[in-house]
Structure formats: C-alpha cells, structure tokens
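Just so it is clear: chains get the letters A, B, ... in the order the sequence lines come, proteins before strands, and each one is counted from 1.
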Protein chains: 2
Amino acid sequence: MNIGDAAAASGVSAKMIRHYESIGLISPPRRTESNYRVYSTEDVHVLRFIKRARTLGFSIEKTGMLLGLWQDRSRASADVKELALSHISELEERICELQDMVSTLKHLAHCCSGDGRPDCPILNDLAAPTALPAPPRAGWKKIGTRHH
Amino acid sequence: MNIGDAAAASGVSAKMIRHYESIGLISPPRRTESNYRVYSTEDVHVLRFIKRARTLGFSIEKTGMLLGLWQDRSRASADVKELALSHISELEERICELQDMVSTLKHLAHCCSGDGRPDCPILNDLAAPTALPAPPRAGWKKIGTRHH
DNA sequence: CCTAAACTTTCCCATTATGGGAAGGTCAAT
DNA sequence: ATTGACCTTCCCATAATGGGAAAGTTTAGG
C-alpha cells in the first residue's frame, strides 16, 4: 500500500506519516524501486494507534512511549497506567486554567451593559493596574534625561 | 525607562516587548541617541493591558482588537462584549474537548489493573481498530506485487 | 580614569504539531 | 503518448515564547 492509502486507512495524513518517520516515531518503511514508501496493514495499525493517542491528547513524545509499551509484550500495565494518569493530571490542569479564564470573563461580560455606550467593565479590568509579584526595579530614571 | 524596567513594571518580558513591537501590536517607542528603546508609564499601561488580556487567554490578534477598542473613546461596549463572549465560547469548546479526553482516559485507567501484568485496557483501546469516517480508497494493492 | 558588570541592540534558532506549496519523478488509464 | 493522480524531497508558515551569540552602552566600583 502506498502512503496515500495508508493515510486514508489510518486517518493520519500522508504529510504527518512522513513527519512521524522523520522524527523517528515510526520506522522507515521499505521502498519500491521507484522510491515510493510501502506500508503493510501492520503499519496501518501502528498509525491508528498513534492517531488514537493523539486524539486523546497525548503528546508525540508520550505517544512514542505508549507505542513502546504496546510493542513490549512484557510490559507492566502499571507503567501504562502511570503514563495515563499523569496525562490526565496535565489535562485537568489545563482545564482549570481555562475555567479560571472563563469564570473571570463571564463575570466581566455579565457586568458589561453591551450597548452603544463606551463605558465597559471588561476594558476597565484589562486596564486595571494589576499588582505585580515583583515591583519595578529601583526607581526608573525619568525619560529623556540622558545625553551622551 | 529602558526596556528592562518596562518589562519589570508590566510583567511582559523584554523579549516579548520587542516581539510585540515587531508584529505591530504596539508602536515603536522613541530611541535614545544610542538606540535604546525608551518607554513611558503610558507605554507600561499598554503592556499591562496586553499582559492581562493574554492571561485571560485572548490571542494576540484579539488582544490587538481589544487594545484598539480601549483606545477608541467612542467605542460601543457591545463590541467589547461580543469579543469577550466569542472568546468565552472558544474557551468552553476547548474545555469540552479536554474533558472528553479526560473522561475517556479516566474510564480506561479505572479499568486498568495497574500491576505487573502486561494486559492493559488502555493499550487495548489505543490499538482498537477505530471506525474511520472515510474508509480506505478502493481496495489497496497487495504489497510487493509491483515491479517496474 | 579604567574596568567589569549589567544592560541594550539585532539576528538566528528552537519549540509543538500541522499544513501549504513548488519542482520533479512515477504510475495507470485513455 | 498524453493526462491526471499519485509520489518524492525541500522549504516555508503557523502562535507565542525563549535561548543565546556578538556587539555596543551605561553605570558603579575602585
């Protein structure tokens, strides 16, 4: 099967198949005499595995680890589970960050009349002098006082 | 004030201040005779505004729009609100996607014994032949049958 | 006054994952 | 033989950020 067929059969674009090969996620397939890549149904299984892992949000690096575990018949399921759990944690952290943004924005939007008048609590919030963790370094010089 | 001070006062790194200038998000500040960028406290306000917008997850492009509205005294708060609401929608969509991943993964991890045995529902799921929307193109040729 | 440290400048490169597109070779069907 | 659909490699682009080099500037200490 050529790369286009493997792409259609796996859901991974031809472009990405070549990319995965170039970064070593999958091994280079054999080639026809005319240099076309040739894939087996086994290769397609691997590509689907990758596709599914990516769909679940695993980075390519972690996908590679999962692939390694998958192909290691003597793996411990504990290793896989650990990978999955740490990934869940990362996802949940990102969710929290996004939820924080949403709740702040919802509050601001709720307070905004949303009519033709210019006054806007959303802009006011964005423009509010936020207390920074580290205050400016020792008194800045006034601008325009330096001459060389 | 030099760029380092503006960075400390705004929470935006010097690197990013230059970057924002290069993409036109902020206007080029005047320079000293020795070519150092000079910032006013007004510039710092702008940078803080950007920082806050970025913290709330607005893309740089949308941040630029917000900045434009902020500086337009005759804006309608409805425009700002619309921007905010559409941003909220995007965030919520991303949250949903992440939550889908998490719930699938939690289910799989729950089903995984996580011990020393190799059998693992997580890997089984990843390896499961997923039904693809578009099936492979008309019957692939068997491999290795082509000779030129 | 000189030197060293701290700062600034520009420029290039890396990241993550994906796609677009060009230029050229190959294959299959008309 | 021509045409259209493939394939190949190579370069570039995205979004936002940072790292680091090489060179110039400023400032503080001695």
Side-chain angles (χ1 to χ4, degrees), chain A residues 1-26 28-39 47 50-64 87 90-91 94 97 136-148, chain B residues 1-26 28-39 47 50-51 53-64 87 90 94 97 136-141 143 145-148:
Chain A
M1 159 181 16
N2 284 340
I3 198 169
D5 302 296
S10 66
V12 178
S13 72
K15 212 84 176 175
M16 289 313 295
I17 295 176
R18 293 191 197 97
H19 178 62
Y20 291 156
E21 179 189 331
S22 81
I23 61 174
L25 181 63
I26 59 181
R30 56 182 203 80
R31 305 277 188 130
T32 64
E33 285 96 349
S34 55
N35 207 29
Y36 280 24
R37 289 173 180 81
V38 175
Y39 297 92
L47 288 170
I50 292 171
K51 176 72 178 179
R52 177 87 178 123
R54 300 280 310 123
T55 297
L56 289 175
F58 286 98
S59 68
I60 288 192
E61 191 182 355
K62 280 194 177 171
T63 298
H87 180 48
E90 282 174 30
L91 291 175
R94 278 160 57 194
E97 289 169 6
R137 296 177 303 195
W140 349 294
K141 275 153 246 93
K142 269 220 187 69
I143 63 175
T145 58
R146 192 188 297 106
H147 306 280
H148 82 170
Chain B
M1 181 184 348
N2 284 341
I3 197 169
D5 302 297
S10 66
V12 179
S13 72
K15 212 82 176 180
M16 288 314 294
I17 295 176
R18 292 192 197 97
H19 178 62
Y20 291 157
E21 179 189 330
S22 81
I23 62 175
L25 181 63
I26 58 180
R30 58 183 199 78
R31 305 277 190 130
T32 64
E33 285 96 350
S34 55
N35 206 30
Y36 280 23
R37 289 171 179 82
V38 176
Y39 297 92
L47 290 170
I50 292 170
K51 176 72 179 180
R54 300 282 308 122
T55 297
L56 289 175
F58 286 98
S59 68
I60 288 191
E61 192 182 355
K62 280 194 177 171
T63 298
H87 180 49
E90 282 175 31
R94 279 160 57 195
E97 290 170 6
R137 295 176 305 194
W140 347 296
K141 277 151 244 95
I143 63 175
T145 57
R146 192 188 297 106
H147 305 280
H148 84 166

Rounded to the nearest Å, what distance is computed from the CG atom of residue B:Asp5 to the P atom of nucleotide D:dT26?
14 Å
From CD1 of B:Ile3 over to C1' of D:dT25, roughly how many Å is that when rounded to an integer?
15 Å
Between A:Arg37 and D:dT8, is there a side-chain N or O to OP1/OP2 distance below 4.0 Å?
yes
From CD1 (A:Ile26) to NE2 (A:His19), nearest 0.5 Å:
10.5 Å
Reported CD-to-OG distance for the pair B:Glu61 and B:Ser59, which is rounded to 0.5 angstrom:
5.5 Å
According to a strict under-4.0 Å criterion, is B:Arg31 in side-chain N/O contact with OP1 or OP2 of C:dT10?
yes
For A:Arg54, which contact category applies under a 4.0 Å heavy-atom criterion: base, sugar-phosphate, or nothing?
sugar-phosphate
Presence of B:Ser13 side-chain N/O under 4.0 Å of D:dG18 phosphate oxygens OP1/OP2:
yes
How many angstroms lie between atom CG of A:Leu47 and atom OH of A:Tyr20, to the nearest 0.5 angstrom?
8.5 Å
Atom CZ of A:Arg18 to atom C1' of C:dG19: distance rounded to whole Å?
12 Å
Donor-acceptor pair present, B:Tyr36 side chain and C:dC7 base, under 3.5 Å:
yes
Spacing of B:Glu61 atom CD relative to D:dT14 atom C1', expressed in whole Å
12 Å
Whole angstrom value for the distance that separates P of D:dT8 from CD of A:Glu21
9 Å
Please report, rounded to the nearest Å, how far the C1' atom of D:dA16 is from the CD1 atom of B:Ile60.
6 Å
Could you tell me the separation between the CD1 atom of A:Ile17 and the P atom of C:dA17, rounded to a whole number of Å?
17 Å
Per B:Tyr20 side chain, nearest of listed nucleotides C:dT9, D:dT17, D:dT8:
D:dT17
Less than 4.5 Å apart, any side-chain heavy atom of B:Arg94 and any of A:Arg94?
no
Determine: side-chain N/O of A:Ser34 to OP1/OP2 of C:dC27, distance under 4.0 Å, yes or no.
yes
Need to verify one output field. Residue with the more 5' nearest nucleotide on DNA chain D, B:Lys15 or A:Ala14?
A:Ala14
Could you walk me through whether A:Lys62 and A:Glu90 pass the side chain to side chain contact (heavy atoms under 4.5 Å, CB included) test, one step at a time?
CA-CA 12 Å; A:Lys62 280 194 177 171; A:Glu90 282 174 30; 2.8 Å; yes
Round to a whole Å and report the spacing from CG of B:Asn2 to C1' of C:dA5.
16 Å
